[in-house]
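Here is how names work: the chains are called A, B, and so on, in the same order as the sequence lines, proteins then strands, and each is numbered from 1.
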2 protein chains.
Amino acid sequence: MLTECMSVISGAWAPNVIWCLRAGPRRFSELRADIPPVSAKVLSRRLSELEERGVLIRHVRPTSPPSVSYELTPLGTELIPALDAIVSVGHRLKILQAYELPLAERAEKEQKSEHVSAK
Amino acid sequence: MLTECMSVISGAWAPNVIWCLRAGPRRFSELRADIPPVSAKVLSRRLSELEERGVLIRHVRPTSPPSVSYELTPLGTELIPALDAIVSVGHRLKILQAYELPLAERAEKEQKSEHVSAK
DNA sequence: CCGTATCCACAGTGATACTG
DNA sequence: CAGTATCACTGTGGATACGG
């Protein structure tokens, strides 16, 4: 159940794609530029999957050269706050660890110098 | 940035583990039973990763046989609403598709019978 | 510009068996 | 009970090249 629902954001870069579309529609090449290390193949795959799942919609303008843009559906938009929350927690976890790590190092040093100060 | 933050819930069954701990502490074997197809190896890995990330804490009671329980940290608890939101969206997407799929099939059938009704 | 096809490589999982 | 070690496998992503 949960696993099935979580799969809507599964696949490499899927959350990034949703994230990049939060401010409005974007074109294929723009998305590729937004998420530097993503290959065209994977981005293409992810976009079709997300379209099939109903997270975003694909607009094709039959110009020359062809122009394709992607946009979040209403339900897709509802994923943004969830991603926001995760990012918020993730960010604070990072900060905590940047603070706790030096503490651990300090404790280690104190233990090392123990036989010195205790002699 | 987003990728880095999203990685706090990365790894197989990680969201499920968090989900199963939302109601309170749980023991290793209980978690294994909660998430049927998870192997001891993977569950063990995931739990240590989540502990290292600060999502949960590990309690060891030196009884015999040994008893170990896991509990969400305050920050870990904050992930619950986010998962809730994703599940909610995922659930509604499912329903939409169960509704849209028959529509597509109907349209297909109508197209098939077109030359019949139009003859 | 927007993809798809092919090939390759590897991270990550699952199964099994074994320890404290 | 709560893990760890080993191994084999496969899904998934990256690079490249090509097509609409």
Peer 1: Determine the contact category for B:R32: base if any of its heavy atoms lies under 4.0 Å from a base atom, sugar-phosphate if only primed atoms, P, OP1 or OP2 are that close, otherwise nothing.
Peer 2: nothing
Peer 1: Tell me the interatomic distance from A:I9, atom CD1, to D:dT12, atom P, rounded to whole angstroms.
Peer 2: 15 Å
Peer 1: When hydrophobic residues are tied together by side-chain contacts of less than 4.5 Å, even through go-betweens, does B:V89 share a cluster with B:L96?
Peer 2: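 In one cluster: yes.
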Peer 1: May I ask you to decide if B:G90's main-chain N or O and A:E4's side chain share a donor-acceptor pair within less than 3.5 Å?
Peer 2: no
Peer 1: Mapping B:S44 and B:R27 onto DNA chain D by nearest heavy atom, which one lands closer to the 5' end?
Peer 2: B:R27
Peer 1: Round to a whole Å and report the spacing from CD1 of A:I35 to P of D:dG14.
Peer 2: 11 Å
Peer 1: Below 4.0 angstrom from OP1 or OP2 of D:dA2, is there any side-chain N or O of B:S29?
Peer 2: yes
Peer 1: Of the nucleotides C:dG3, D:dG3, D:dG14, which has the atom closest to the B:Y70 side chain?
Peer 2: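 Selected nucleotide: D:dG3.
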Peer 1: Please report, rounded to the nearest Å, how far the P atom of D:dC1 is from the CD atom of B:E30.
Peer 2: 11 Å
Peer 1: Starting at CD of B:E49 and ending at P of D:dT4, how long is that distance when rounded to a whole Å?
Peer 2: 12 Å
Peer 1: Take atom CG of B:L43 and atom C1' of D:dT4, then tell me their distance rounded to the nearest Å.
Peer 2: 13 Å
Peer 1: Minimum heavy-atom separation for A:Y70 and A:L56, please, with both atom names.
Peer 2: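 Scanning both residues completely, I find the closest heavy atoms to be CD2-CD1, 3.9 Å.
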Peer 1: Please find the pair of heavy atoms, one from B:A40 and one from B:F28, that lie closest to each other, and give the distance.
Peer 2: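 Looking at all heavy atoms of both residues, the shortest contact is O-CZ, 3.9 Å.
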Peer 1: A:R61 near the nucleic acid: base, sugar-phosphate alone, or nothing, with a heavy-atom cut-off under 4.0 Å?
Peer 2: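 Nothing, no heavy atom under 4.0 Å.
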Peer 1: Calculate the interatomic distance between A:R45 atom CZ and C:dT4 atom P; express it in whole Å.
Peer 2: 9 Å
Peer 1: Quick check: on DNA chain D, is the nucleotide nearest A:P66 upstream (toward 5') of the one nearest A:S39, or the reverse? Name the residue that is more 5'.
Peer 2: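 Nearest-nucleotide comparison on DNA chain D picks A:S39.
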Peer 1: Taking only the side-chain heavy atoms of B:A40 (C-beta and beyond), determine which of D:dG3, D:dC1, D:dG14 contains the nearest atom.
Peer 2: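 Closest nucleotide among those given: D:dG3.
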Peer 1: Report the distance from atom NZ of A:K41 to atom P of C:dA9, rounded to the nearest whole Å.
Peer 2: 14 Å
Peer 1: On DNA chain C, check which nucleotide each of A:V68 and B:V38 is closest to and give me the residue with the more 5' one.
Peer 2: A:V68
Peer 1: Could you tell me whether the phosphate oxygens of C:dG12, OP1 or OP2, come under 4.0 Å of any side-chain nitrogen or oxygen in B:W13?
Peer 2: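 Answer is no, no contact under 4.0 Å.
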Peer 1: Tell me the closest heavy-atom pair linking A:I9 and A:R53, and the distance in Å.
Peer 2: N-NH1, 4.2 Å
Peer 1: Hey, which sits more toward the 5' end of DNA chain C by its nearest nucleotide, A:F28 or B:V42?
Peer 2: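 Going by which nucleotide is closer to the 5' end, it is A:F28.
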Peer 1: Given atom CZ of A:R46 and atom P of C:dG3, what is their separation to the nearest angstrom?
Peer 2: 15 Å
Peer 1: Name the closest nucleotide to the B:A12 side chain, picking from D:dC1, D:dA15, C:dT13.
Peer 2: C:dT13
